[in-house]
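Inspection log for the structure reproduced underneath, given as structure tokens.
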Amino acid sequence: MKIIVIGGAGIQALGTIYDLLENDEVTEVMVADILIEKAEERAKQIGDPRLTAKQINVLKEEETANVIKDFDVIINSGPAFLCPNVTRAALKAGVNYVDLGAWPKETAEQLELTEEFEANGITAVLGMGSGPGISNMMALAGVEQLDTVSDIDITIAMKDFTEYSSPLVTPYMLDTIIDEYTLNPVIVKDGEITKIDPLISRPVEFKEPIGRANPVYTIHPEPVTLYDSFKDQGCKNTTFSIALPKEFHEKVEFLVQLGFGSKEPINMGGVEVSPRQALLTVANQLIQPKVDKDQYSVTRVDVTGEKNGRKEKVVVEVYVGSEKKWNIPAGALKTSVPPSIVAQMLAKGQVKRKGVYPPEKCIETAAFFKELALRGMEVYSNKVEHTL
């Protein structure tokens, strides 16, 4: 198997690369990134002879297609707004594709390519990280236990006990987090796709070590794709919310309140610069501390519906701790391993459906959860409540 990882120098790609290299059947992993120095540094850091590094600019789709054409699968770990570009390049190259997910607008643009992917005998799996990704498959697992479905609510929470010397250590791409804190979340309410204000919170109790958290509603593709996937089973309401580590959440919320989430240029000493770009540039200069990560993350999916004429709720959960062997925190681990699993499934021909789909439409729960469990991430349907 030959697999290329776009955005391979980024935060989320590290666990993906490590997981791919665990399989001796993987003969080459290319770390592809616009930042070639960082890509080469990552390949050198890991030190596996199967790793190669290459500079790539995914805005140049023909050039990207030429780079990826000799690989079995492309994993796109880059930013959400570039997902359509990489998907089109994969189509031109005739290569199977998996990504970590985009926003609803970009996801809709990718889904429009399904007939062309099917005609070329290839598959694109959209949103195969933690959320979207594991969350979609957990929703499917809940749906499979019911006759009809009315509500699907996804909640992710993190708790970080790591002591950092740096003032800002991000659990995943900061640009993505700022989008989540500034863009209007999309939910489905009474069968209507609806936008709400960002950062509306609600208290949720989780098992220790997470405990009580206050997840906020943020923009994510799952509410729309899950509604589309399960509306024939009666689904009318879907939501997504997340609670990042409390101290980090407070810092990002403060920066957004100051205006650093804006992309509109302002005059800074005679130079037109957007506040967001200034923040990202400064944050990228911070030295990330080399400390042992001690973080926990939970994904919970509540699926409400009916079984045998009775109203029921299936609660599906997965609790994950940091990966000590690779020193990867729980949130990044839960995001980076699933695309590796699905990429290997695609390379082996285990994903039969051709076209462009969210994971709940083309991946089997049993096979996927088995692979997660082998990596220490066991999914439980640990509670069924009668909601009479």
Side-chain angles (χ1 to χ4, degrees), residues 1 3 12-26 73 75 77 98-101 125 127-146 152 154-159 171-172 206-210 222 226 293-303 314-353 357-384:
M1 286 183 279
I3 297 174
Q12 298 296 7
L14 181 59
T16 302
I17 294 167
Y18 273 128
D19 191 76
L20 289 169
L21 295 173
E22 290 283 291
N23 188 347
D24 291 338
E25 295 178 23
V26 175
V73 186
I75 297 175
S77 294
V98 58
D99 67 27
L100 300 180
V125 184
M128 199 58 252
S130 170
I134 294 177
S135 56
N136 297 62
M137 299 304 297
M138 292 168 68
L140 175 59
V143 170
E144 289 173 340
Q145 298 178 54
L146 298 170
I152 300 174
I154 298 169
T155 310
I156 292 177
M158 298 181 196
K159 196 162 187 177
Y172 49 95
F206 296 99
K207 292 186 296 188
E208 293 297 335
I210 303 294
E222 297 102 306
L226 289 172
K293 309 296 192 302
D294 187 12
Q295 185 188 91
Y296 294 86
S297 179
V298 58
T299 299
R300 170 175 167 165
V301 182
D302 292 38
V303 183
V314 181
V315 180
V316 189
E317 292 182 304
V318 59
Y319 284 79
V320 178
S322 299
E323 171 55 74
K324 302 301 182 185
K325 178 172 58 175
W326 304 330
N327 197 23
I328 294 176
L333 182 73
K334 195 152 55 88
T335 301
S336 61
V337 167
S340 169
I341 292 173
V342 171
Q344 292 177 61
M345 287 180 169
L346 286 165
K348 294 175 182 177
Q350 294 173 345
V351 181
K352 303 302 181 185
R353 196 171 189 188
Y357 301 103
E360 70 270 14
K361 283 193 171 182
C362 61
I363 307 296
E364 295 180 359
T365 52
F368 178 70
F369 289 161
K370 178 182 177 181
E371 291 298 324
L372 272 185
L374 289 172
R375 293 158 171 85
M377 291 180 264
E378 192 140 5
V379 176
Y380 297 96
S381 294
N382 59 357
K383 188 177 183 184
V384 178

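The first residue in the sequence is number 1, and the count goes up from there.
When the side-chain contact (heavy atoms from CB on, under 4.5 Å) test is applied to Asn23, the partners found at least two apart in sequence or on another chain are Met1, Glu25, Val26, Gln344, Lys348. For Glu323, the side-chain hydrogen bond (donor to acceptor under 3.5 Å, both in side chains) criterion is met by no residue, not counting sequence neighbours. In this structure Lys159 satisfies the salt bridge (Lys or Arg N to Asp or Glu O under 4.0 Å) test with no other residue, sequence neighbours excluded. Residues satisfying the side-chain contact (heavy atoms from CB on, under 4.5 Å) test with Ala343, not counting sequence neighbours, are Ile3, Val73, Ile75, Val98.
For Gly331 against Gln295, the heavy-atom pair with the smallest separation is N-OE1, 2.7 Å. In this structure, Val301 and Ser135 approach most closely via the heavy-atom pair CG2-O, 3.7 Å. When all heavy atoms are compared, the tightest approach of Ala332 to Pro171 is CB-O, 4.1 Å. Closest approach of Pro359 and Gly127 over heavy atoms only: CG-O, 3.5 Å. The two residues Val125 and Cys362 come nearest to each other via the heavy atoms CG2-SG, 3.9 Å. Of all the heavy atoms in Tyr296 and Gly321, the pair that sits closest is CD2-CA, 3.9 Å.
No side-chain donor-acceptor contact under 3.5 Å links Ser381 to the backbone of Val316. For Glu317 (side chain) and Val298 (main-chain N/O), no donor-acceptor pair under 3.5 Å exists by modelled atom type. The closest donor-acceptor contact from the side chain of Glu360 to the backbone of Asn136 lies at 3.5 Å or more, if one exists at all. A donor-acceptor pair under 3.5 Å is absent between the side-chain atoms of Ser297 and the main chain of Val320, judged by distance alone. The backbone N or O of Lys293 lies less than 3.5 Å from a partner atom in the side chain of Asn327, making a donor-acceptor pair.
Residue Met158 holds its CE atom at 6.0 Å from NZ of Lys334, rounded to the nearest 0.5 Å. Distance CD1/Ile341 to CG/Leu372: 4.5 Å, rounded to 0.5 Å. Between the CD atom of Glu22 and the CD1 atom of Ile17 there is a distance of 13.0 Å, given to the nearest 0.5 Å.
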**Message:** Assess the residue pair Asp19 and Ser336 against the criterion (side-chain contact (heavy atoms from CB on, under 4.5 Å)); give the C-alpha distance rounded to whole Å, side-chain angles, the decisive distance to 0.1 Å, and a yes or no.
**Reply:** CA-CA 8 Å; Asp19 191 76; Ser336 61; over 6 Å; no
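Counting only heavy atoms from C-beta outward, the side chains of Ile152 and Val143 approach each other to under 4.5 Å.
Note on residues 322-346: pairs passing ring-ring contact (aromatic ring centres under 6.0 Å, His included), not counting sequence neighbours, are Tyr18-Trp326.
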Which side-chain N or O atoms in residues 363-371 pair as donor and acceptor under 3.5 Å with protein atoms at least two apart or in another chain?
from, atom 1, to, atom 2, distance (Å)
Thr365, OG1, Glu144, OE1, 3.1
Glu371, OE1, Arg375, NH1, 2.9

